[in-house]
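Remarks on the structure that follows.
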Amino acid sequence: MSYQGKFRVWRGDHASGELTDFTAEVNEGEVVLDVVHRLQATQAPDLAVRWNCKAGKCGSCSAEINGRPRLLCMTRMNMFTPDQVVTITPMRTFPVIKDLVTDVSFNYVKARELPAFEPPKDLAPGEYRMQQIDVERSQEFRKCIECFLCQNTCHVVRDHDENKPEFSGPRLFIRAAELDMHPLDTRDDRKETAQAEQGLGYCNITKCCTEVCPEHIKITDNAIIPMKERVVDRKYDPITWLGRKIARRDQLSNQP
Amino acid sequence: MTDHARYTRREFDVVVIGAGGAGLRAAIEARLAGKRTAIISKSLFGKAHTVMAEGGAAAAMGNANSKDSWQVHFRDTMRGGKFLNHYRMAELHAKEAPDRIWELETYGALFDRTPEGKISQRNFGGHEYPRLAHVGDRTGLELIRTLQQKIVSLQQADQREHGDAEAYLQVFAECTVTQLLTDDNSIVGALAYWRHNGEFLVFDAPTVVLATGGIGKSYTVTSNSWEYTGDGHALALRAGATLVNMEFLQFHPTGMVWPPSVKGLLVTESVRGDGGVLRNTDGKRFMFDYVPDVFRKQYADTEEEADRWYTDPDNNRRPPELLPRDEVARAINNEVKSGRGTEHGGVFLDVSTRMSAEVITRRLPSMYHQFKELAGVDITQEPMEVGPTCHYVMGGVEVDPDTTAASVRGLFAAGEVSGGMHGSNRLGGNSLSDLLVFGRRAGLHAAAYVDALSAAPIASDDTVQAGVTAALEPLTVSDGENPYQVQADLQHTMNELVGIIRRPAEIEQALAQLEELRKRAEKVGAPGGRLYNPGWHVALDLGNLLLVSECVAQAALLRQESRGGHTRDDFPGMSAQWRQRNLICRLDANSDRESVTVTQQPIPSVPVELLELFDRSELAKYMTSEELAVLDTQEQSGDSGAA
């Protein structure tokens with residue numbers, strides 16, 4: 001069952017680095033993170049990697065495996081043949097701190113620029129009423145584990161640091177969409193904000209983000225495209241805008 | 001000061017250590033009280049172990065069954081903890097949990113809904129009514145994200161008002177506290193290092209809220225992440241505070257057992273709450289054989305009645321799969337030991353025969369995902385293999401129930417790191433609500449403590465410098481012990497010798513091994529520099545693991561009974577005498593090395609109005625005849641007083 005696998009792991013810091021060859025034991029059922037841990041315990045105690053839950057729930061162990069953005073904890077070794085070299089590199093879009101650990105503060109800065117949920121002023125805690133069907137649209141986006149693989153893979157910023165100031169990225173587009181679709185959020189400018197301040201217009205819907213999402217969130221189809229379409233609607237069609245305001249009011253006045 | 005031991009100082013009113021549910025809720029409350037608040041997190045912001053909570057947050061909102069009330073929730077919590085809970089914590093928790101959940105909706109949380117549009121509530125082990133607010137099986141993620149986003153919104157408000165988002169609330173991500181700084185039994189701050197560059201910083205602050213979670217990383221098979229090294233427990237002990245009832249560990253009955261790399265990974269209790277059944281390799285639903293006397297009135301004794309309960313809970317008793325976790329874990333352990341387990345040492349947990357594939361993937365999406373991707377098992381078609389895994393520590397920092405204050409002035413503790421609330425066994429769903437209820441209280445009372453202070457001294461440079469030098473020690477050792485190996489050996493010791501079933505000879509063996517491990521830990525070396533060096537980080541966490549492991553082992557050796565998360569092979573029954581005693585751990589001031597002493601302390605007696613929520617016949621199963629006699633007298637005088 002076990003075999004000696006071949007690995008190439010990027011090691012270095014913000015200044016320089018290189019791929020380092022390792023040979024390590026691989027056992028049945030293991031994931032790439034297990035091998036990284038084995039390397040730490042037996043060969044490279046200072047090999048830097050982030051991880052927490054080891055179950056695909058926390059989004060800490062994002063990296064690139066054979067060039068593809070993935071969670072180390074959800075990539076099973078049986079995807080590879082025993083003679084295949086597995087190359088592990090840090091996420092390319094973010095500055096390297098050390099080895100597989102990158103500085104992901106970009107994402108937290110962008111999160112702070114997005115206007116927060118604004119609760120309805122006329123409802124006390126405990127009075128919120130929402131239908132399951134209405135919360136499900138936002139719930140899809142709230143499955144996001146903030147692994148930032150979508151941010152990493154997005155070609156608008158992947159090799160274009162110059163776009164970072166203007167562009168919040170897919171993670172924050174789904175956050176905007178989530179709030180836009182939240183049945184009780186009282187802001188009605190989520191789409192305009194996404195366009196004007198998040199750089200939604202930079203996205204040309206190549207769906208790379210959707211492809212790498214470990215939670216299988218339909219980022220492009222369910223968040224970005226509707227946000228783009230409705231920005232267009234709202235810009236040119238005041239009736240749509242008015243209709244939506246009325247629909248929202250109905251929802252609120254239906255409180256039992 | 002030399003370059004080597006350089007550090008910077010930062011000034012705050014309240015320093016919260018830990019950025020899970022309790023820490024974030026405490027920080028929100030401290031900030032709302034106008035205090036300059038720091039949140040220190042070992043991981044990135046939003047990655048704390050709370051994200052792993054799956055099932056839900058228990059709160060008697062009565063949305064799914066209007067008969068529910070705080071009194072019923074309190075009663076269930078005390079039953080689950082086998083009456084060793086601090087009654088006042090259980091009472092506050094049951095009363096305040098609904099408000100804490102509703103408040104999350106005002107922060108933007110989106111729980112699953114009832115047909116009336118209220119928050120949906122699901123069944124869980126030990127809860128009489130459907131009580132867990134949830135979002136599929138990713139409730140913890142919703143909780144942490146909601147609190148994280150609330151903090152961001154408060155920072156945005158500070159940006160607008162003060163031109164500085166971090167004026168009142170600052171997050172120090174990937175930062176680890178190595179020492180609490182005290183002066184005359186009062187908190188004056190904390191010493192920490194940045195994980196990314198290994199530089200040290202001092203938080204000068206009169207209050208610290210510990211919200212560091214548990215100690216699961218002292219076991220090999222655990223559902224806990226690398227962060228759970230008992231930091232808060234150890235920091236509290238070294239600062240002079242006390243821990244209560246550290247012998248009580250929750251082994252969650254259902255962890256994954258195969259493949260080995262995921263052994264211990266949590267399988268949510270919702271699987272059973274939603275209808276999953278446990279079977280051994282003979283195909284038998286064995287839990288019917290394990291209903292203990294104290295629970296016989298509430299649990300079905302036939303499969304037919306248990307099955308009817310899912311659709312008619314008012315006229316049938318609950319299935320025994322929904323017994324509290326300690327009971328189910330022991331039952332599974334026994335089935336496996338008796339040769340009725342799977343080849344991988346587990347039993348079968350099956351939802352595939354009871355729910356449609358569509359319902360399973362909707363209600364248990366992350367379980368479906370987890371088994372499919374990590375074990376190659378399709379849970380809509382075949383059973384899961386599960387076995388017990390170290391999950392939660394009931395013991396923790398001894399606190400005042402109302403204020404969460406520890407015995408050191410300015411020190412507060414909330415969430416898993418605190419003790420008392422859950423008694424000898426925590427009910428599923430009571431953790432997320434605990435975090436919110438006592439996280440808020442910790443923030444509130446830390447702020448009030450600051451308001452009442454006249455002076456706030458800070459730690460001397462000498463003290464800080466000694467702390468920095470000690471923390472840098474492993475980096476200077478060449479050819480030292482491998483910290484990963486010492487950690488693995490410690491985990492093995494606790495797993496094998498102080499596990500679910502405890503025998504005194506084995507515990508003594510564990511204590512001897514811990515002594516050896518301590519010597520090895522003193523000689524660990526961490527090659528590489530200070531820059532994001534996991535070997536060094538593991539080396540620094542070892543001291544905490546050793547200290548909390550010693551607490552668990554010593555307390556387990558002392559308590560001569562079996563109750564909740566502590567099962568003694570030689571004392572299989574509950575003892576009414578032992579129920580009256582808490583075991584208190586403190587650092588031994590007379591020892592030349594770091595060691596723990598354990599003493600007995602009477603538990604606070606439950607007021608008669610709370611005891612009246614129970615039948616006398618039920619109380620008789622837990623209490624001594626002297627206690628019952630006192631109770632009878634009080635009740636009589638209470639009656640005559642009313643008349």
Side-chain angles (χ1 to χ4, degrees), chain A residues 13 27-31 34 37 40-42 45-60 74 76 97-99 101 103-104 108 111-112 114-117 119 123-132 134-135 138-139 142-146 178-179 182 184-185 254-256, chain B residues 43-47 49 51-52 61 98-99 102-103 105-108 110-113 116-118 120 135-136 138 141-142 145 149-150 152-153 155-156 165 196 225-227 258-262 265-266 366 369-370 373-375 482-485 488 526-529 531-536:
Chain A
D13 55 28
N27 303 307
E28 187 189 358
E30 287 187 336
V31 293
D34 289 313
H37 284 160
Q40 284 182 327
T42 57
D46 62 337
L47 171 59
V49 63
R50 278 198 187 102
W51 70 286
N52 278 58
C53 76
K54 210 171 171 289
K57 291 177 176 34
C58 76
S60 299
M74 296 302 281
R76 294 185 75 185
I97 293 173
K98 188 180 156 203
D99 304 336
V101 173
D103 176 359
V104 292
Y108 292 95
R112 203 186 277 169
L114 178 76
F117 171 69
L123 292 180
E127 290 180 353
Y128 286 36
R129 298 291 178 271
M130 295 175 261
Q131 288 303 309
Q132 182 63 32
D134 294 326
V135 299
S138 295
Q139 280 182 335
R142 290 184 74 81
K143 286 196 306 190
C144 171
I145 57 174
E146 298 202 328
E178 170 215 318
L179 289 167
H182 191 299
L184 294 177
D185 178 53
N254 276 342
Q255 299 301 323
Chain B
S43 288
L44 291 174
F45 190 29
K47 305 296 183 196
H49 206 59
V51 303
M52 287 293 282
M61 296 181 284
D99 284 338
W102 286 322
E103 183 174 73
E105 291 198 303
T106 71
Y107 300 172
L110 286 172
F111 292 102
D112 288 346
R113 318 305 296 182
E116 303 80 51
K118 298 179 181 178
S120 171
V135 186
R138 58 158 189 88
L141 174 66
E142 183 69 14
R145 202 64 82 229
Q149 288 163 350
K150 175 66 179 178
V152 167
S153 80
Q155 291 179 322
Q156 290 172 342
H196 66 88
S225 83
W226 67 268
E227 295 190 278
W258 186 260
S261 89
V262 294
L265 200 63
L266 188 65
S366 66
H369 192 66
Q370 180 173 315
E373 300 201 14
L374 293 174
N482 177 345
Y484 298 96
Q485 192 57 50
L531 188 69
Y532 215 112
N533 183 345
W536 179 39

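Worth saying up front: this structure is predicted, and the values here are computed from it rather than measured. Hydrogens, waters and symmetry mates play no part in the numbers below; they use all other heavy atoms, side chains included.
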Residue part contacting chain A, namely of [X], when any heavy atom lies under 4.5 Å:
{"X": "B:Gln485", "value": "neither"}
{"X": "B:Glu373", "value": "both"}
{"X": "B:Phe45", "value": "both"}
{"X": "B:Leu141", "value": "side chain"}
{"X": "B:Thr106", "value": "both"}
{"X": "B:Trp258", "value": "side chain"}

Top of [options] for chain B proximity - count of heavy-atom pairs under 4.5 angstrom:
{"options": "A:Gln139, A:Gln131, A:Lys54", "answer": "A:Gln139"}
{"options": "A:Glu28, A:Gln40, A:His37", "answer": "A:Gln40"}
{"options": "A:Gly56, A:Ala124, A:Gly59", "answer": "A:Gly59"}
{"options": "A:Asp103, A:Thr42, A:Asp34", "answer": "A:Asp34"}
{"options": "A:Met130, A:Arg142, A:Glu178", "answer": "A:Arg142"}

Out of [options], which one racks up the most heavy-atom pairs below 4.5 Å with chain A?
{"options": "B:Leu44, B:Asp99, B:Leu265", "result": "B:Leu44"}
{"options": "B:His196, B:Lys150, B:His49, B:Gln155", "result": "B:Gln155"}
{"options": "B:Gln370, B:His369, B:Met61, B:Arg145", "result": "B:Arg145"}
{"options": "B:Pro483, B:Ala526, B:Ala375", "result": "B:Ala375"}
{"options": "B:Leu266, B:Val262, B:Val135, B:Asn533", "result": "B:Asn533"}
{"options": "B:Gln149, B:Met52, B:Glu227, B:Lys118", "result": "B:Gln149"}

(request) Identify the two heavy atoms, one from A:Ala116 and one from B:Ser153, that lie closest to each other, and give their separation to 0.1 Å. (result)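 So the minimum-distance heavy-atom pair works out to CB-CB, 3.3 Å.
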(message) Show the nearest heavy-atom pair for residues A:Phe117 and B:Glu105, with the distance to one decimal.
(response)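 Looking at all heavy atoms of both residues, the closest pair is CE2-O, 3.6 Å.
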Checking heavy atoms, do the side chain of [X], its backbone, both or neither come under 4.5 Å from chain B?
{"X": "A:Asn52", "answer": "both"}
{"X": "A:Val49", "answer": "backbone"}
{"X": "A:Ile145", "answer": "both"}
{"X": "A:Val31", "answer": "both"}
{"X": "A:Ala111", "answer": "backbone"}

Side-chain ([X]) to main-chain ([Y]) donor-acceptor, under 3.5 angstrom:
{"X": "B:Glu142", "Y": "B:Leu110", "value": "yes"}
{"X": "A:Tyr128", "Y": "A:Leu123", "value": "no"}
{"X": "B:Asn482", "Y": "A:Ala41", "value": "yes"}

(message) Could you tell me if A:Arg112 and B:Gln156 have a donor-acceptor pair between their side chains, going purely by distance under 3.5 Å?
(response) no
(request) Name all residues meeting the salt bridge (charged side-chain N to carboxylate O under 4.0 Å, His left out) criterion together with A:Arg76; count only those two or more places apart in sequence or in a different chain, and write none if there are none. (result) none
(request) Report the residues that fulfil salt bridge (charged side-chain N to carboxylate O under 4.0 Å, His left out) with B:Glu103, sequence neighbours left out, ordered by chain and then residue number. (result) B:Arg25, B:Arg100
Approximate separation, where rounding is to 0.5 Å, of [X] [atom1] and [Y] [atom2]:
{"X": "A:Cys58", "Y": "A:Trp51", "atom1": "SG", "atom2": "CH2", "answer": "9.0 Å"}
{"X": "B:Trp226", "Y": "A:Cys53", "atom1": "CH2", "atom2": "SG", "answer": "13.0 Å"}
{"X": "A:Asp99", "Y": "B:Leu531", "atom1": "CG", "atom2": "CG", "answer": "8.0 Å"}

(request) Report the C-alpha separation of A:Lys57 and A:Met74 in whole Å, then their side-chain angles, then the decisive distance to 0.1 Å, and conclude whether the side-chain contact (heavy atoms from CB on, under 4.5 Å) test is met. (result) CA-CA 10 Å; A:Lys57 291 177 176 34; A:Met74 296 302 281; over 6 Å; no
(message) Are the side chains of B:Phe111 and B:Ser120 in contact, using a 4.5 Å heavy-atom criterion?
(response) no
